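One structure is given below, encoded as structure tokens.
Values below: every heavy atom of this structure, side chains too, minus hydrogens, waters and symmetry copies. It should be emphasised that the depicted structure is a prediction, and the values quoted were computed from it without experimental measurement.
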Amino acid sequence: VQLQASGGGLVQAGGSLRLSCAASGRTVSIYHMGWFRQAPGKEREFVAAINWSGSTYYRGSVEGRFTISRDGTKNTVYLQMSSLKLEDTAVYHCAAGDDTEDNARWVRYRRGYNHWGQGTQVTVSS
């Protein structure tokens, strides 16, 4: 499985961005996809995820501001980010988890994902 992320950029605080992550290859193995982010000097942290049943998961600090969705026909997941804050600045990584019981249990954690894409930089300015 290959993941291609796009959509990052520079935006003012309060603005919006939409990230996309397109999956290709053996996508039939995937059951959920998610976004993680890593700011300089910090650990990579979970942001949001969606599974193929439609369930969504969010980090508390982005709930109500970010929306994750998927287009099954395109094997693409989107992260619509609104009301962006300075602390949202980070490299955002998309990831996909294969359909296993263990992965489903760990959907909010890195161990729940088998495949990772390259990061896309999101910078929020004041």
Between Leu19 and Gly8, the two heavy atoms sitting closest are CD2-N, 3.5 Å
What is the minimum heavy-atom distance between Val107 and Ala49, and which atoms define it?
-> CG2-CB, 3.8 Å
Here the gap from Phe36 atom CZ to Arg110 atom CZ, rounded to the nearest 0.5 Å, amounts to 7.5 Å
How many angstroms lie between CD1 in Ile50 and OG in Ser55, if you round to the nearest 0.5 Å?
-> 8.5 Å
Linked, directly or transitively: Val11 and Met81 (ILVMFWY side chains, under 4.5 Å) | yes
Taken to the nearest 0.5 Å, the spacing of Ser82 OG from Arg65 CZ works out to 9.0 Å
Hey, mind stepping through Asp71 and Thr76 against side-chain hydrogen bond (donor to acceptor under 3.5 Å, both in side chains) and telling me if it holds?
-> CA-CA 5 Å; Asp71 182 337; Thr76 300; over 6 Å; no
Measure across Asp88 and Arg37 and return the closest heavy-atom pair with its distance rounded to 0.1 Å.
-> OD1-NH1, 2.9 Å
Between Val122 and Phe46, is there a shared hydrophobic cluster once you connect ILVMFWY residues whose side-chain heavy atoms come closer than 4.5 Å?
-> no
Tightest non-hydrogen contact, residues Leu17 and Gly7, listed as CD2-O, 3.8 Å
Apply the test side-chain hydrogen bond (donor to acceptor under 3.5 Å, both in side chains) to residues Tyr58 and Thr67: give CA-CA distance (whole Å), side-chain angles for both, the deciding distance (0.1 Å), then the verdict.
-> CA-CA 8 Å; Tyr58 294 96; Thr67 302; 4.7 Å; no
Search all heavy atoms of Ala39 against all heavy atoms of Ala90 and return the closest pair with its distance.
-> N-CB, 3.8 Å
Checking side-chain contact (heavy atoms from CB on, under 4.5 Å) for the pair Ser16/Gln80: CA distance, chi angles, key distance, verdict?
-> CA-CA 7 Å; Ser16 300; Gln80 177 67 48; 3.9 Å; yes
If you measure from OG1 on Thr100 to CH2 on Trp106, what distance do you get to the nearest 0.5 Å?
-> 12.5 Å
Derivation of the side-chain contact (heavy atoms from CB on, under 4.5 Å) call for Tyr92 and Val47 | CA-CA 9 Å; Tyr92 283 69; Val47 177; 4.2 Å; yes
Measure the spacing between CZ of Arg70 and CG of Asn51 and express it to the nearest 0.5 Å.
-> 8.5 Å
Hey, does Thr89 have a side-chain heavy atom less than 4.5 Å from the side chain of Gln121?
-> yes
Residues Gln118, Thr120; criterion side-chain hydrogen bond (donor to acceptor under 3.5 Å, both in side chains); working and verdict | CA-CA 7 Å; Gln118 90 292 356; Thr120 185; over 6 Å; no
Using a 4.5 Å cut-off on heavy atoms from C-beta on, say whether the side chain of Tyr113 contacts that of Met33.
-> no
So, do Ile30 and His32 sit near enough that their side-chain heavy atoms are less than 4.5 Å apart?
-> no
Please check if Tyr57 and Tyr31 belong to a single hydrophobic cluster, counting links between Ile, Leu, Val, Met, Phe, Trp and Tyr side chain heavy atoms closer than 4.5 Å.
-> no
dist Thr123:OG1 -> Gln12:CD (nearest 0.5 Å) comes out at 13.0 Å
Give the intermediate values and the outcome of side-chain contact (heavy atoms from CB on, under 4.5 Å) for residues Asn103 and Asn114.
-> CA-CA 8 Å; Asn103 279 348; Asn114 309 93; 2.7 Å; yes
Taking 4.0 angstrom as the limit, do Asp102 and Arg105 come out as a salt bridge?
-> yes
With a 4.5 Å limit on heavy-atom distance, are the side chains of Trp35 and Ile68 in contact?
-> yes
Below 4.5 Å, heavy atoms only, C-beta onward: do Phe66 and Thr56 meet side chain to side chain?
-> no
If you measure only the distance, is there a donor-acceptor pair under 3.5 Å linking the side chains of Gln4 and Ser6?
-> no
Considering non-hydrogen atoms only, spot the tightest contact between Cys21 and Leu3 and give its length.
-> SG-CB, 3.9 Å
Please determine, by modelled atom types, if Tyr78 and Arg18 share a side-chain donor-acceptor pair under 3.5 angstrom.
-> no
Check the pair Arg59 / Glu63 against salt bridge (Lys or Arg N to Asp or Glu O under 4.0 Å), numbers first and verdict last.
-> CA-CA 6 Å; Arg59 179 178 194 80; Glu63 190 116 35; over 6 Å; no
Could you walk me through whether Ser126 and Leu86 pass side-chain contact (heavy atoms from CB on, under 4.5 Å), step by step?
-> CA-CA 7 Å; Ser126 58; Leu86 296 179; 4.1 Å; yes
